[in-house]
Amino acid sequence: MNAAPAAAASTLTGLILASTNRQSLIKSLLCPSINWTPPLVDTILKQLWNHGPKALHFFHILLHNHPTYVHSASSFDHAIDIAARLRNYATVFTLLHRMRSLRLHPTPKTFAIIAERYVAAGKPDKALKIFLSMHQHGCLQDLHSFNTILDVLCKARRVEKAWNFFKVLRGRFRADVISYNIIANGWCSIKRTNKALETLKEMVERGLSPSLTTYNIILKGYFRAGQIEEGWKFFLEMKRRRCEIDVVTYTTVVHGLGVVGEIKRAQKVFNEMVNEGVLPSVATYNALIQVLCKKDSVENAISVFEEMLRKGYAPNSTTYNVVIRGLCHREQMERSMEYMDRMRDADCGPNVQTYNIVIRYFCNAGETERGLELFEKMNSGNCLPNLDTYNILISTMFVRKRSDDMLVAGKLLIEMVDRGFMPRRLTFNRVLDGLLLTDCEIPGKKNKLSSFSILFSWFDNVLNKEVANNRQPVRGPK
DNA sequence: ATAGGGTTAG
């Protein structure tokens, strides 16, 4: 997308976030000078990702109140993703049916989204059920969608379930090398390298040949499971057999050696790849920079970062975040702030992960005010806090044992629920206890009691839904 | 959005 629509999207996102009155928001959004297009709507939905209720509100206004604009299938997918993440399944199915009535057919992607959110909510059987019912929604299952559902389960570490499902249906869908790679990678991700090898043995017995991706999966599996020398031998064997090893292979080895502190070997492999005619990618640099930060020195990491710039690479937000984290870790907060500025100059963030890193380090260093300052800054900019941000800040509010901090914790708790984030029950109880104690100790109870009662009403509200006790990482929009 | 390589700290 070029700059103009992106800027227009940010302005509109700001307008939606600032609105408090439904009628006036409708009026602003229906203003005839706004040229609504699917990419514009998609961009706004992505920007509102960490404020799900407002995102859905916006989507519904265009859906129900706009006289001519019709949502695209991709905007529906975003809205369904957001509703599913809020565990608002009634809305998910309403939108799904609405898509069909508008003759916008739900695609395999739509079902992949719903399945992924079910799995993240701890309902893998619902995910399988929605996959098996796809054809009832006018969307045929094929090998592609079969592989997708397997991957969704594996990425959420439900590998056993994926494997059982796979065994039942592999004949019907004519499982291919990609299906097996997905399962093997799943086993590797839970450090069961031997199960991965067994699965691949079965694949070969069924007449399918491993690909370079297959080998890269096993290579990574060894390193991930801490089987460094097995990984190294496997890498040598790949070279000896003249597999066309690629940038992914090298990146895996650089990272794998680096995380166990084998910095010299990692650097040697990094230098070797260029000689072999395989150019490092930004991800390769990120791997090297990260391991230098962790196991060597942040100065050496930064010199690799500078070398990367000299060679004409464009660092991405991961690169910056890795450097910033390294600096924070060495208590060089001011320098990490400089790298945040460089991110802005490069038009590459900072993103919510960047803020979470620096906020966490300020808070852990006892500089609560600076953490809160950054939180205010992201809130007023175009970067909305996520669940991690709230968890970091709320737990920080307990360390100083100050009554004012309890009030901030209460305010943050209300705000996060308002934005569709479900706090853990523990968080709820801590904040309530904190406020209760404060109320007993401090004169001028009146204000405290009123925030207290707001919290109680929220508490009821949330208990009637379903308090999330599981800490599944939530994947962002695609 | 059919598979493999970089992002937290616990």
Side-chain angles (χ1 to χ4, degrees), chain A residues 74 77-78 81 107-116 141-152 154-155 173 175-186 188-189 196 200 203 210-221 223-224 238 245-256 258-259 269-270 273 278 280-294 301 304-305 308 315-326 328-329 349-361 363-364 386-389 391-392 395 471 473 475-478:
Chain A
S74 89
D77 282 349
H78 276 296
D81 198 3
T107 60
K109 183 182 159 190
T110 316
F111 292 95
I113 288 167
I114 301 172
E116 185 180 322
Q141 293 111 321
D142 56 6
L143 179 58
H144 269 62
S145 50
F146 179 57
N147 286 341
T148 302
I149 190 79
L150 294 174
D151 198 40
V152 163
C154 286
K155 292 273 153 64
F173 286 110
D176 62 0
V177 60
I178 294 177
S179 324
Y180 282 94
N181 284 346
I182 289 166
I183 299 284
N185 191 44
C188 288
S189 72
L200 294 174
M203 175 181 90
S211 60
L212 177 56
T213 299
T214 315
Y215 294 122
N216 285 338
I217 286 167
I218 293 299
L219 182 65
K220 169 84 184 177
F223 283 114
R224 184 158 26 203
M238 282 171 78
I245 57 179
D246 65 1
V247 58
V248 176
T249 319
Y250 281 109
T251 306
T252 304
V253 176
V254 168
H255 184 252
V259 293
V269 173
F270 185 87
M273 66 188 288
V278 182
S281 65
V282 172
T284 319
Y285 273 102
N286 292 350
L288 183 61
I289 291 170
Q290 191 222 140
V291 298
L292 288 172
C293 281
K294 281 191 174 163
V304 172
F305 177 85
M308 177 182 178
N316 59 23
S317 54
T318 303
T319 325
Y320 284 101
N321 287 345
V322 165
V323 172
I324 288 170
R325 182 174 299 116
C328 288
H329 203 68
N351 59 21
V352 62
Q353 282 86 1
T354 322
Y355 278 105
N356 287 348
I357 294 163
V358 291
I359 289 175
R360 170 178 273 127
Y361 276 95
C363 289
N364 288 346
N386 66 13
L387 181 63
D388 290 332
T389 324
N391 283 333
I392 295 162
S395 48
R471 277 276 290 145
R475 210 168 1 139
K478 287 272 168 110

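In what follows, every chain begins at residue 1, and chains take the letters A, B, ... in the order their sequences are listed.
Between the Thr251(A) side chain and the Val247(A) main chain, a donor and an acceptor come within less than 3.5 Å of each other.
In this structure, the CZ atom of Phe270(A) is 18 Å from the P atom of dG5(B), given to the nearest Å. Regarding Asn185(A), its CG atom lies at a distance of 16 Å from the P atom of dT2(B), rounded to whole Å. For Tyr320(A) and dT7(B), the OH to C1' distance is 15 Å, given to the nearest whole Å. As rounded to whole Å, 7 Å separates atom C1' of dT2(B) from atom CG of Asp151(A). Atom C1' of nucleotide dT2(B) and atom CG of Asp142(A) are separated by 9 Å, given to the nearest angstrom. Rounding to whole angstrom units, OH of residue Tyr215(A) and P of dG5(B) are separated by 18 Å. Taking atom CD1 of residue Ile324(A) and atom P of nucleotide dA9(B), one finds them 14 Å apart after rounding to whole Å. Rounded to an integer number of Å, the gap from CZ of Phe146(A) to P of dT2(B) is 15 Å.
Heavy atoms of Asp246(A) sit under 4.0 angstrom from at least one base atom. Within the nucleic acid shown, Leu212(A) comes within 4.0 Å of at least one base atom, counting heavy atoms only. Residue-level contact check: Ile113(A) touches the bases, meaning some heavy atom is under 4.0 Å from a base atom. Counting any heavy atom pair closer than 4.0 Å across all strands shown, Asn316(A) reaches a base atom. Looking at heavy-atom distances under 4.0 Å, Thr107(A) makes no contact with the nucleic acid at all. Residue-level contact check: Thr252(A) touches the backbone only, with heavy atoms under 4.0 Å from sugar-phosphate atoms and none from bases. If you check every strand for non-hydrogen atoms under 4.0 Å, His255(A) touches sugar and phosphate atoms only. Among the heavy atoms of the strands lying under 4.0 Å from Val247(A) is at least one base atom, whether or not backbone atoms are also near. Residue Ser211(A) is in base contact, counting any heavy-atom pair closer than 4.0 Å across all strands shown. Within 4.0 Å (heavy atoms only), Ile217(A) reaches sugar-phosphate atoms of the nucleic acid but no base atom. Note on Ser281(A): a base of the nucleic acid sits closer than 4.0 angstrom, heavy atoms only. Heavy atoms of Phe173(A) sit nowhere under 4.0 angstrom from any nucleic acid atom.
Ring planes of Phe173(A) and Phe146(A): parallel class, angle under 30° (limits at 30 and 60°).
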For Asn386(A) and Thr389(A), run side chain to side chain donor-acceptor pair (under 3.5 Å): C-alpha distance rounded to whole Å, both residues' side-chain angles, the deciding distance at 0.1 Å, then the answer. CA-CA 5 Å; Asn386(A) 66 13; Thr389(A) 324; 3.0 Å; yes

Check the pair Thr148(A), Asp151(A) against side chain to side chain donor-acceptor pair (under 3.5 Å), reporting the backbone distance first and the verdict last. CA-CA 5 Å; Thr148(A) 302; Asp151(A) 198 40; over 6 Å; no

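Comparing dT7(B), dG5(B), dA1(B) by their closest approach to the side chain of Glu116(A) singles out dA1(B). The nucleotide whose nearest atom lies closest to any side-chain atom of Thr318(A) is, among dG6(B), dT2(B), dA1(B), dG6(B). Of the candidate nucleotides dT2(B), dA1(B), dG6(B), dG6(B) has the atom lying nearest to any side-chain atom of Asn286(A). Distance from the side chain of Val248(A) is smallest for dG5(B) among the nucleotides dG5(B), dA3(B), dG6(B). In the set dG6(B), dA9(B), dT2(B), dA9(B) carries the atom at the smallest distance from any side-chain atom of Arg360(A). In the set dA3(B), dT7(B), dG5(B), the nucleotide with an atom closest to the side chain of Lys220(A) is dG5(B). In the set dA9(B), dA3(B), dG6(B), dA9(B) carries the atom at the smallest distance from any side-chain atom of Tyr361(A). Of the listed nucleotides (dG5(B), dT7(B), dA1(B)), dG5(B) has the atom at the smallest distance from the side chain of Thr251(A). With dA1(B), dG5(B), dA3(B) as the candidates, the nucleotide lying closest to the side chain of Asp81(A) is dA1(B). Nearest to the side-chain atoms of His144(A) among the listed nucleotides dG6(B), dT2(B), dG5(B) stands dT2(B).
One finds no side-chain N or O of Lys294(A) lying less than 4.0 angstrom from the OP1 or OP2 phosphate oxygen of dA9(B).
Asp176(A) places a side-chain heavy atom less than 4.5 Å from the side chain of Asn147(A). Contact check for Thr354(A) versus Asn351(A): side-chain heavy atoms found under the 4.5 Å cut-off.
In dG5(B) the O4'-C1'-N dihedral to the base is more than 90° from 0, which defines an anti nucleotide.
Summarising the geometry of Val278(A) relative to Ile245(A), their closest heavy-atom pair is CG2-O, 4.1 Å, with the distance given to 0.1 Å.
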